[in-house]
Each structure stands twice: as C-alpha cells, then as structure tokens.
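Down below is the structure, laid out as structure tokens.
Each chain gets a letter, A, B and so on, in the order the sequences are listed, and its residues count up from 1.
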There are 2 protein chains.
Amino acid sequence: MENPTTSPPDEKSLDRHAFVLKRLSNKNHRYTTGRHRLVDALAGSDKPLTLPDIVAIAPDLAASSVYRNLEVLEQCGVVKRIASGRDHAHFELAEPLLSHHHHLVCTECGAIEDVRLDDEVEELLDQRLNLVAARASFKPLHHSLDLHGHCANCEGLL
Amino acid sequence: MENPTTSPPDEKSLDRHAFVLKRLSNKNHRYTTGRHRLVDALAGSDKPLTLPDIVAIAPDLAASSVYRNLEVLEQCGVVKRIASGRDHAHFELAEPLLSHHHHLVCTECGAIEDVRLDDEVEELLDQRLNLVAARASFKPLHHSLDLHGHCANCEGLL
DNA sequence: CGCAATAATGATAATGAGTCTCATTTACAA
DNA sequence: TTGTAAATGAGACTCATTATCATTATTGCG
C-alpha cells in the first residue's frame, strides 16, 4: 500500500481540505502544512489513531505541535478525541468528514475499530436520547456508542 | 441529608455487601473496611465520582489505596471506570449493582449524569451491536452510550 | 487462642501522557 | 515587501495515576 499522506489529491481530499480550511478560518486559524499533514494522516486510516500512530505515519511532525493541532482541530469540530482511559487517547476526523459510526473497543489490547449501524436504529436512538436530555434540561450535541469486548486477535490468545 | 456512608445498613446494602464479598473472594481478595467504605461512597451517589469526590466523602481513605482498590474492584467487575479524557476519571458501581444506564456528559464542565432508556430500545441496540460484532469476529461484553452536550448550568452561562 | 502466611495499607517516589513556554519561523493582509 | 499575528518545535513542566516498600491487618490452621 502506498503512503496515503503523499498520494495525489483526489476529489475527496480536496473537499476535505476545503472543509477544514473553512472551519479553521472561522476562528482565525491558519491551515498550515503541518495541519494538512495531520488531517491527511487521520484521513488515511480506517481506525482512530494515537499520537504514536500519527508520528509514525508522519515522522517529521513534532509531537508537541501534533498535540496542539489536535486540540485546535477539535475546537473547530474537525477532530474527535476518544479517551480510552488507559494509555494514549485516540483521534479521528469528526462527523462531517467521516460518516457517523461507532466503535468496537478491545478491552485487552485497546484496539479500536469502526462500525456503522442502520439509519433506522440511529434515528430511534437519537429520538430517545433527545427525550431524556430534554427531561434533564441538557442540550444534546452528539452521542457516542462503543461496544467493549475482545477483538478476534486477543480472543484467540485467551 | 445524612451522610449515606454511615447510615444503618438496609436490605439493599446487605445485598450489595454480599455480592461484592463474593466477587472479591472469587479472586482471593479480602473485603476490608476500606473497600467497604469505598463501595458505600459509590453507592451513596446518583452519579459517577472522581477520586477527589471520593476522598471528600470519605476523607480518611488514602488516595493511593482508593486508586488501588478501584483497580481491584474493576477487575472483579464491581466498579466501572469512565474515562473523561480530560482531568480525573469517573467511577461508578458496575452493572449488577447498578441497573443498566447511560450518561449525559457535559463537554463544558465534565459533569456526568445517569439516564436510562426503554428496554425496547436497549434490546434493539444489543441485537444490532451483536450483529456487527459477529461480522468483525469481535466478542461483545457490554456497550456504553454517552450523550455529549451542555448541562443546564453550563448552557445558562454560555 | 496464637502463629505463621498472605494480603492490604499508606506515605512517598516514580511514571508518562499531555500541556506550556518561548525564541524562532511562517503565513497572511495591506 | 513588510509588518503583524499565528504557528512551530524542543524541552521543561504538570499532575493524574501507578509502583514501591516497610508496616499493619486479616485469614487459615494447629
């Protein structure tokens, strides 16, 4: 597999670029090459990445800058942070850039995989969540649903 | 309100006590007074607690012991850890001791509140999650569903 | 009961993911 | 360009959580 961070830009990556630029500009932030590389790294993976994952993919990015930019991009709604509790947090592109999905989280090795549910289930879920939120005077922004268990690899080793 | 950690034991707390004792004994652990106090502190709250919350409720518990015991109780399936990502993790009693529920998580102040959904929705959810898990050769243990947004207090201040 | 053997405690040191600092570099706007 | 404000990167720093270890408590057994 070719390194996705250096592939020629296709239509999707141009859209992504434009979207991120807009979100950053809204808050007077610049879309620098470092941030572009970070977004590309996240976009080039089919699962959320940790900081070590990211610097492994793009070794010339400074860890401190990556952390700072993940923070900035999170504020702008471009990146979503997934706190594993143990060790490193995972990061992925946020909803408009990645279609709505959930995670299979391995409680043994910490690996995270993406999964999608039927729209029908998602709608029902949102409906009910909005209901309980309203009851608690809570303003809902988004939901996160994770299935915890053992991935195929760890289950085999147990 | 009286301090719930020193209330006379009712039927529920006796059940809880017995359950925790069994879970600990299974792994050759002892149900010491410190652990009892910790379980009582968690049981006495209607929302997940952080370490500072716990030592505020039971000031004579040593922080290092509380952390160690939370770990032990988590291993025994008595306590569940909720990683907020930022600052302190939250802890609550695990499923058999607390009925299945989900969380409203305030993205501003980090406060966590418990909510429950209809059994109907939960069943549908489990059904679909089991399906996608099977497709990924993933062995499901439990799901977690959080609604992120602004709590009434923070929304008022914004 | 009393005596090992083993687990738990708690004060403190160590760890390490993530954040902050600041001097330097880069990007944008006029 | 050129001035101004934001971004960078190396390293210092924070602070929630873990590990250490000498001491104390608990349990099983004779």
Side-chain angles (χ1 to χ4, degrees), chain A residues 17-18 20-42 48-56 58-76 78-92 110 112, chain B residues 17 20-42 48-56 58-76 78-92 109-110 112:
Chain A
H17 176 95
V20 175
L21 177 59
K22 195 162 119 191
R23 285 293 182 100
L24 284 166
S25 301
N26 280 346
K27 297 202 166 158
N28 285 337
H29 289 134
R30 298 165 184 173
Y31 198 13
T32 61
T33 55
R35 288 174 181 172
H36 202 133
R37 305 275 303 287
L38 173 52
V39 168
D40 282 344
L42 293 172
L49 299 177
T50 65
L51 184 100
D53 293 338
I54 293 168
V55 297
D60 53 328
L61 295 183
S64 61
S65 295
V66 172
Y67 272 124
R68 188 177 335 97
N69 286 331
L70 285 168
E71 173 80 24
V72 169
L73 291 168
E74 194 184 9
Q75 297 290 322
C76 295
V78 171
V79 160
K80 216 179 100 196
R81 173 193 306 243
I82 306 159
S84 7
R86 287 273 194 247
D87 66 31
H88 291 268
H90 288 70
F91 298 91
E92 66 180 2
I112 300 184
Chain B
H17 176 93
V20 175
L21 177 59
K22 196 162 120 193
R23 287 292 183 103
L24 284 167
S25 302
N26 280 346
K27 299 204 165 160
N28 286 338
H29 289 132
R30 297 165 184 173
Y31 198 13
T32 61
T33 54
R35 288 173 180 172
H36 203 132
R37 306 274 303 288
L38 173 52
V39 168
D40 281 344
L42 293 172
L49 300 177
T50 65
L51 184 99
D53 292 339
I54 294 168
V55 297
D60 53 329
L61 295 183
S64 61
S65 295
V66 172
Y67 272 124
R68 190 179 334 98
N69 287 331
L70 285 168
E71 172 80 23
V72 169
L73 292 168
E74 194 184 9
Q75 298 289 321
C76 296
V78 171
V79 160
K80 216 179 100 197
R81 174 195 302 244
I82 305 159
S84 7
R86 288 274 195 243
D87 66 35
H88 292 267
H90 288 71
F91 298 90
E92 65 180 3
C109 69
I112 300 184

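For A/Y67 and C/dA17, the OH to P distance is 7 Å, given to the nearest whole Å. Atom CG in A/L61 sits about 15 Å away from atom P in D/dA7, given to the nearest Å. Atom pair B/N69:CG and C/dA7:P shows a separation of 15 Å (rounding to whole Å applied). Distance, A/H29 NE2 to D/dT4 C1': 16 Å, rounded to whole Å. Atom C1' of nucleotide D/dT8 and atom CG of A/D60 are separated by 12 Å, given to the nearest angstrom. As rounded to whole Å, 8 Å separates atom P of D/dG9 from atom CZ of A/R68. Here C/dT9 presents its C1' atom at 18 Å from NE2 of B/H36, a figure rounded to the nearest Å. Going from atom CD of B/E71 over to atom C1' of C/dT9 covers 16 Å, rounded to whole Å.
Residue B/A63 is classed as having no contact, given no heavy-atom separation below 4.0 Å to the nucleic acid. Backbone-only engagement by B/T32 is indicated by non-hydrogen atom pairs under 4.0 Å involving sugar-phosphate atoms exclusively.
Heavy atoms only, all atoms of each residue included: B/I112 and B/I82 are closest at CD1-CG2, 4.0 Å. Across all non-hydrogen atoms, the minimal contact from B/C76 to B/R23 is O-NH1, 2.9 Å. Nearest approach of A/L51 to A/H88, heavy atoms of both residues: CB-ND1, 4.4 Å. Here the shortest heavy-atom pairing between B/Y31 and B/H17 reads CE2-ND1, 3.5 Å.
If B/S64 and B/Y31 are placed on DNA chain D by their nearest nucleotide, the residue sitting closer to the 5' end is B/S64. Across the interface with DNA chain C, nearest-nucleotide mapping of B/N28 and A/L21 shows B/N28 to be the residue nearer the 5′ end.
Relative to the side chain of A/R86, the nucleotides D/dT17, C/dC28, D/dA25 differ in distance, and D/dT17 lies closest.
Contact check, B/R30 against D/dA25: no side-chain N or O comes under 4.0 Å of OP1 or OP2.
Residue-to-nucleotide contacts include no donor-acceptor pair under 3.5 Å from the side chain of B/S65 to the base of C/dA8.
Between B/L38 and the choices B/V78, B/L70, B/V72, the side chain to side chain contact (heavy atoms under 4.5 Å, CB included) rule is met once, by B/L70.
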